[in-house]
Amino acid sequence: MSPFTGGALLAPPPIAHHDEVAFWLAGTGEEARAKIRANPRLRQAMLVAADGIISVHDRNPLLNRVLNDRGRTAFGFFVLYLDATSDAIGTGLTAARMAALCQETGLCSRGRAKALLALMRWGGYLEPVVGRGDRRERPLAPTERMRQLFLMRWRVQYSALRELGGSADGVLERLEEPGFLSQLAVRFGAIYRAGYRVLDHAPAVAPYCERDGGMLVLFALLSAAALGGRAPTATELGRRFSLSRTHTLQILRDAEAAGLVVRAGIVEDGVPLSGGPGFALSPEGLRAVEDFSVAAFAMFECGAAWTLADHPTAG
C-alpha cells in the first residue's frame, strides 16, 4: 500500500518511487542510529545543534510563535516541499494542498493549517504568486525571508552533523546553490510522508515538543551542563525565551516529575549538584535529549545523502 494517501490534491513526491524511498529510508533505521550514537563526537554535535537552534530562535521570534516546537519544523519544510513539487495542474503551495498534507501526516487539522499559512503570510514569510491560480485559490510561495530562515536552520543542523562526518560538508558547500534548498525539502517531505518521525525514537521528550519553548528549555539545560557553573533558574530560562515564569516552571516541574530534570545549584563536569534554585538535566534527561538528537541527525543525514546522490556536483 502506498504511504502517500493525499488523494487528488497530493500526488506522491516526484522522486518517490517506493523502492527508492525504502532504500534511502534505511539511512534512518536502527543500524544507522546506532552508528551515530556510537560516534565519540556525538555530544559535541548535540551542543553545536542546541546552541545553533537557540540562536536561530532568538533571531526569529515571530515564526517561532506560529506553531509548537515539533510543528514549526515540519510545517516550515512542508511549505518548501509543496513549493518545490506540484500537483497534476502544476500548482505548488496552496492552502488546500497544505491542509491535505497536514491531514495526511497528522501534523495538524486542516483549519489549523490554513490559519498558520495566513499568519506566515502576514509575517512576511509567504507571498501570493502573481499570474497563477484563480479567484478561488491563488498559489503561495515562500519569500526570501523564509528561505533565509531555513538556510540558517539547516546550516545549524549540518554544522552539527559535520562533527560526525558523513554528508554534512557536501551540503554546507551547496546550500546557497539555486534550487538546492528545495531539493533537500523534497527529500525531507518524502521521508516524512513515508512515516519517519523523530519522536517515535525519542518518546521521553515528546511532551516538551508539543509545548511552546519546551525543547528550547531542554537544549538550554544541555548547554548549561557543558559550560558548568550555576544552574539556570526558571525565571532566567523564561526570560531568555520570552516565556512566562509560570509556563517555564510548569515545563520544568513536569520534566522533574518525569525524571528528566533535577533541582541543582551548580553543575560540575556535567554533574548537577543538588540544592539551589536552578535546574539541570538528570542522566535520564541527557539520554532523552540524546535520543532526540540521534533520530534528528539520522533524518538530516538521510536527506543529505539522498539529495547529493541525485544531484552531484557538476564535473
Side-chain angles (χ1 to χ4, degrees), residues 2-18 20-21 24-25 63 66-68 70-151 153-154 175 177-198 299-300 302-303 306-307 310-311:
S2 169
F4 310 112
T5 57
L9 280 174
L10 287 175
I15 43 79
H17 185 284
H18 292 171
E20 183 183 6
V21 174
W24 287 107
L25 206 61
L63 191 59
V66 169
L67 260 184
N68 59 48
R70 174 182 68 91
R72 274 195 295 273
T73 300
F75 196 88
F77 75 63
F78 279 175
V79 166
L80 299 180
Y81 168 78
L82 288 177
D83 180 64
T85 61
S86 63
D87 59 21
I89 59 174
T91 302
L93 171 62
T94 65
R97 293 191 77 215
M98 177 60 87
L101 183 55
C102 287
Q103 184 177 49
E104 174 194 286
T105 58
L107 181 64
C108 63
S109 70
R110 297 176 69 91
R112 178 74 166 153
K114 292 180 179 181
L116 289 167
L117 287 176
L119 279 173
M120 292 176 71
R121 183 175 174 183
W122 174 81
Y125 293 98
L126 294 174
E127 60 187 2
V129 179
V130 177
R132 289 178 57 189
D134 53 36
R135 292 181 179 179
R136 291 173 299 174
E137 186 164 51
R138 178 175 293 179
L140 299 169
T143 62
E144 184 60 22
R145 183 181 187 185
M146 179 73 168
R147 293 187 182 279
Q148 287 302 316
L149 172 62
F150 270 83
L151 277 173
R153 286 185 171 186
W154 291 351
L175 265 179
E177 282 185 19
F180 191 81
L181 188 75
S182 295
Q183 291 303 322
L184 268 178
V186 168
R187 272 86 191 157
F188 289 144
I191 291 167
Y192 200 93
R193 291 182 71 187
Y196 185 75
R197 301 291 186 273
V198 168
M299 183 191 75
F300 278 101
C302 175
W306 191 354
T307 304
D310 284 354
H311 297 274

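We number each residue from 1, following the sequence as shown.
When all heavy atoms are compared, the tightest approach of K114 to A99 is CE-CB, 4.1 Å. Pairing each heavy atom of T94 with each of P139, the nearest pair is CG2-CA, 4.0 Å. For the pair A141 and V129, the tightest heavy-atom approach, listed with the atom from each and the gap, is CB-CG2, 3.7 Å. For the pair A96 and R110, the tightest heavy-atom approach, listed with the atom from each and the gap, is O-NH2, 4.3 Å. When every heavy atom of W154 is checked against every heavy atom of L175, the shortest pair comes out as C-CD1, 4.3 Å. Of all the heavy atoms in R138 and P128, the pair that sits closest is CD-CB, 3.5 Å.
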For this session: Please report the C-alpha distance between F78 and Y192 in whole Å, then the side-chain angles of each, then the deciding distance to 0.1 Å, and finally whether the ring pair (Phe, Tyr, Trp, His ring centres under 6.0 Å) criterion is met.
Result: CA-CA 9 Å; F78 279 175; Y192 200 93; 5.2 Å; yes
Exercise. Hey, mind stepping through R147 and S182 against side-chain contact (heavy atoms from CB on, under 4.5 Å) and telling me if it holds?
Worked result: CA-CA 9 Å; R147 293 187 182 279; S182 295; 3.4 Å; yes
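Rounding to the nearest 0.5 Å gives a distance of 11.5 Å between CG of L80 and CD of Q183. From L116, atom CG reaches atom CZ of R121 across 15.0 Å, with rounding to the nearest 0.5 Å. In this structure, F188 CZ and F150 CZ are separated by 10.0 Å, a value rounded to the nearest 0.5 Å. Annotation: the span from M98 atom CE to L107 atom CG amounts to 8.5 Å, rounded to 0.5 Å. Rounded to the nearest 0.5 Å, atoms OG1 (T307) and CG (L184) are 4.0 Å apart. A distance of 4.5 Å separates CG in L126 from CE in M120, rounded to the nearest 0.5 Å.
A distance-only check finds no donor-acceptor pair linking the side chain of R193 to the backbone of E104 [under 3.5 Å]. At distances below 3.5 Å, at least one donor-acceptor pair connects side-chain atoms of T143 with backbone N or O atoms of G124.
For the pairing with P142, the side-chain contact (heavy atoms from CB on, under 4.5 Å) check across L181, L82, D83 returns one residue only, D83.
With sequence neighbours left out, F180 forms a ring-ring contact (aromatic ring centres under 6.0 Å, His included) with no residue at all. Contacts of Q148 classified as side-chain hydrogen bond (donor to acceptor under 3.5 Å, both in side chains), with partners at least two apart in sequence or in another chain: E144. Remark: S109 pairs with R112 by the side-chain contact (heavy atoms from CB on, under 4.5 Å) rule, at least two apart or across chains. Every residue was checked against the salt bridge (charged side-chain N to carboxylate O under 4.0 Å, His left out) condition with R197, not counting sequence neighbours, and none meets it.
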